[in-house]
**Q** 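Handing you a structure now.
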2 protein chains.
Amino acid sequence: MATGRTHRPATRSRGIPEATVARLPLYLRALTALSERSVPTVSSEELAAAAGVNSAKLRKDFSYLGSYGTRGVGYDVEYLVYQISRELGLTQDWPVVIVGIGNLGAALANYGGFASRGFRVAALIDADPAMAGKPVAGIPVQHSDDLEKIIEDNGVSIGVIATPAGAAQPVCDRLVAAGVTSILNFAPTVLSVPDGVDVRKVDLSIELQILAFHEQRKAGEEAAAGTDGGAPAVAARSESADKGPDGDVPAVMPA
Amino acid sequence: MATGRTHRPATRSRGIPEATVARLPLYLRALTALSERSVPTVSSEELAAAAGVNSAKLRKDFSYLGSYGTRGVGYDVEYLVYQISRELGLTQDWPVVIVGIGNLGAALANYGGFASRGFRVAALIDADPAMAGKPVAGIPVQHSDDLEKIIEDNGVSIGVIATPAGAAQPVCDRLVAAGVTSILNFAPTVLSVPDGVDVRKVDLSIELQILAFHEQRKAGEEAAAGTDGGAPAVAARSESADKGPDGDVPAVMPA
DNA sequence: CCATCTTTGTGCACGCGTTCACAAAGACAT
DNA sequence: ATGTCTTTGTGAACGCGTGCACAAAGATGG
């Protein structure tokens with residue numbers, strides 16, 4: 001998953017494990033699809049397959065919410081949709097601001113998945129005066145001078161940062177000072193926030209790098225010594241003379 | 001997390017734990033910043049702070065790669081940059097295709113974090129004939145009819161899916177059939193792929209929902225601090241949702 | 001009302017990841 | 001050389017998450 005979390009005091013958010021919370025949206029999506037097809041009930045096996053998880057895991061996840069199933073039958077789709085929505089807090093309206101209306105910010109503003117789940121884009125904010133007033137996704141962009149006022153007027157508690165890395169921390173500080181307590185960060189930076197503020201991070205580059213690692217592993221071990229071409233001029237250490245240019249320091253793995 | 005298929009065989013990817021692999025890009029970014037400031041060495045404590053993790057965790061992570069530190073001094077920045085880059089496979093060039101050039105796909109194409117880390121956008125692919133030939137981020141969009149040929153001609157093994165949900169699985173199947181073995185999925189769908197293919201998922205909506213959960217919990221603690229408020233989720237089957245400060249709202253359903 | 005069948009809910013064991021705490025290793029000063 | 005000081009590398013304990021396997025619960029049919 002694409003996420004990182006800043007220090008959480010392991011409060012185990014009300015008895016529901018973090019891992020379970022992270023899967024609830026997945027279940028909710030699968031259940032919504034079933035609901036649209038007017039499927040009345042679903043077994044843990046079927047729902048687990050639709051959500052891409054293990055059925056035992058799904059049952060255990062639901063057990064944290066309560067006993068909402070009927071043995072021998074399964075789960076009532078509509079009822080479960082409601083319970084999970086309520087548990088996630090999606091039965092209320094969450095005004096959200098997006099700061100940084102570049103390519104990514106515009107994409108986020110246009111992303112349908114937000115509005116369809118109780119999230120409402122309350123404002124788009126950018127530091128570029130030339131952007132001010134220009135509508136993106138039907139919403140006029142506002143200048144970041146008014147950030148605090150926008151937050152307060154709309155009662156925003158969730159902010160999305162889609163600025164360049166350098167601007168992320170200052171923007172974050174201002175958001176927090178204005179009252180935002182949850183931040184979704186797309187900028188490739190570690191944000192530092194006071195206690196009580198949640199930060200989740202989505203980093204496109206990191207995801208690709210993790211894929212590259214596995215891809216390299218799949219490609220085989222001989223690839224490491226074979227291709228020498230694209231190395232980005234990172235000089236190897238001068239001291240250790242016994243190690244060749246591409247000679248590997250013995251990795252931890254035996255074989 | 002790596003959301004491959006149902007239960008992958010717990011691949012301890014070459015002795016390096018998944019959790020460690022997921023943090024390596026984080027360390028690499030912090031180290032790169034230090035390198036640009038010409039900092040020669042760094043202690044585990046300093047680097048851990050910069051990466052936003054625990055120093056013991058960082059040292060253990062590095063221990064999986066080998067012993068690259070010097071006791072009493074710390075780690076050589078340049079050397080560590082090289083080692084991590086090599087471990088992640090970033091010393092080679094990875095051609096990547098992006099399928100689905102909507103708002104998000106265009107944002108990804110323009111995203112600088114790709115090119116700066118050994119990833120090269122080899123092609124942009126879209127199903128809309130009107131898009132064909134139109135340049136995005138300086139790269140002409142190609143029609144999806146040519147997907148297989150593009151993959152093969154460029155030796156692409158990593159694909160990024162930024163299509164609508166409905167198109168994701170068919171696109172995924174074609175990518176895999178053409179030889180792609182790693183997929184970064186932005187579409188809100190569970191992709192099913194054969195063994196040996198890695199899928200990582202980035203879901204903007206899910207991240208926001210997780211934030212909403214914590215946000216709701218924080219709001220509930222404030223409102224009901226001291227009362228029975230901490231009642232575990234085993235509330236009765238009635239709709240006694242008393243957590244939110246505002247009243248109960250019927251479940252929001254996507255249109 | 002009883003038997004059978006289906007599916008949930010969960011106790012339990014196991015493995016991974018995190019954290020602590022400290023010995024070992026090297027730098028540095030004398 | 002020797003002692004001191006700093007920092008790494010890691011053994012060990014612990015906690016969380018996962019998956020198995022099964023008993024309990026309810027539906028269903030006779």
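To find a chain, count down the sequence lines: A is the first, B the second, and so on, and within it residues start at 1. Being a predicted model, the structure only gives us computed values, none of them experimental.
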**Q** Looking only at the side chain of A:Ser43 (C-beta and beyond, no hydrogens), which of the listed nucleotides D:dA27, D:dA21, C:dT8 gets closest?
**A**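 Among the listed nucleotides, the one closest to the side chain of A:Ser43 is C:dT8.
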
**Q** Return no unless some side-chain N or O of A:Arg23 is found under 4.0 Å from OP1 or OP2 of D:dT18.
**A**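 Yes, A:Arg23 has a side-chain N/O under 4.0 Å of OP1/OP2 on D:dT18.
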
**Q** Taking only side-chain N and O atoms of B:Tyr75, does any of them lie within less than 4.0 angstrom of OP1 or OP2 on D:dG9?
**A**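 B:Tyr75 to D:dG9 OP1/OP2: side-chain N or O found under 4.0 Å.
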
**Q** How many Å lie between CD on B:Glu18 and P on D:dT18, as a whole number?
**A**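 In whole Å, D:dT18 P lies 14 Å from B:Glu18 CD.
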
**Q** Establish whether the base of C:dT7 is bridged to the side chain of A:Arg71 by a donor-acceptor pair shorter than 3.5 Å.
**A**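 No such pair is found, so the answer is no.
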
**Q** In whole angstroms, how far is the P atom of C:dT8 from the CG atom of A:Asp61?
**A**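 After rounding, the gap between these two atoms is 14 Å.
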
**Q** Does a side-chain N or O of B:Ser44 approach OP1 or OP2 of D:dT7 to a distance below 4.0 Å, or not?
**A**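 Result: no.
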
**Q** Calculate the interatomic distance between B:Leu58 atom CG and C:dG17 atom P; express it in whole Å.
**A**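 One finds 16 Å between P of C:dG17 and CG of B:Leu58, rounded.
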
**Q** May I have the distance from B:Leu80 (atom CG) to D:dT8 (atom C1'), rounded to whole angstrom?
**A**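 Taking atom C1' of D:dT8 as the reference, CG of B:Leu80 is at 13 Å.
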
**Q** State, yes or no, whether a side-chain contact exists between B:Phe186 and B:Leu108 at a heavy-atom distance under 4.5 Å.
**A**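 Yes. Closest side-chain heavy atoms under 4.5 Å.
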
**Q** Are the side chains of A:Leu24 and B:Gln209 in contact, using a 4.5 Å heavy-atom criterion?
**A**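 Side chain of B:Gln209 against side chain of A:Leu24, heavy atoms only: no contact under 4.5 Å found.
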
**Q** For A:Gly72 and for B:Lys60, find the nucleotide of DNA chain D with the closest heavy atom, then tell me which residue's nucleotide is more 5'.
**A**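 Looking at the nearest nucleotide for each, B:Lys60 comes out on the 5' side.
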
**Q** What do the steps show when you test B:Ile158 against B:Leu184 for side chain to side chain contact (heavy atoms under 4.5 Å, CB included), and what is the final call?
**A** CA-CA 8 Å; B:Ile158 298 179; B:Leu184 183 53; 5.8 Å; no

**Q** Over how many whole Å does the gap from A:Lys57 atom NZ to C:dG15 atom C1' extend?
**A**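 Spelled out: NZ on A:Lys57 to C1' on C:dG15 is 13 Å.
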
**Q** In whole angstroms, how far is the P atom of C:dC16 from the CD1 atom of B:Ile16?
**A**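 Answer to the nearest Å: 15 Å.
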
**Q** Between A:Arg59 (CZ) and D:dA21 (C1'), how many Å, whole number?
**A**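 Result: 10 Å.
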
**Q** Whole-Å distance between C:dT8 C1' and A:Leu65 CG?
**A**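 Computing the A:Leu65:CG to C:dT8:C1' distance gives 14 Å.
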
**Q** Are the ring centres of B:Tyr79 and B:Tyr68 closer than 6.0 Å?
**A**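 Close enough - the centres of the two rings lie under 6.0 Å apart.
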
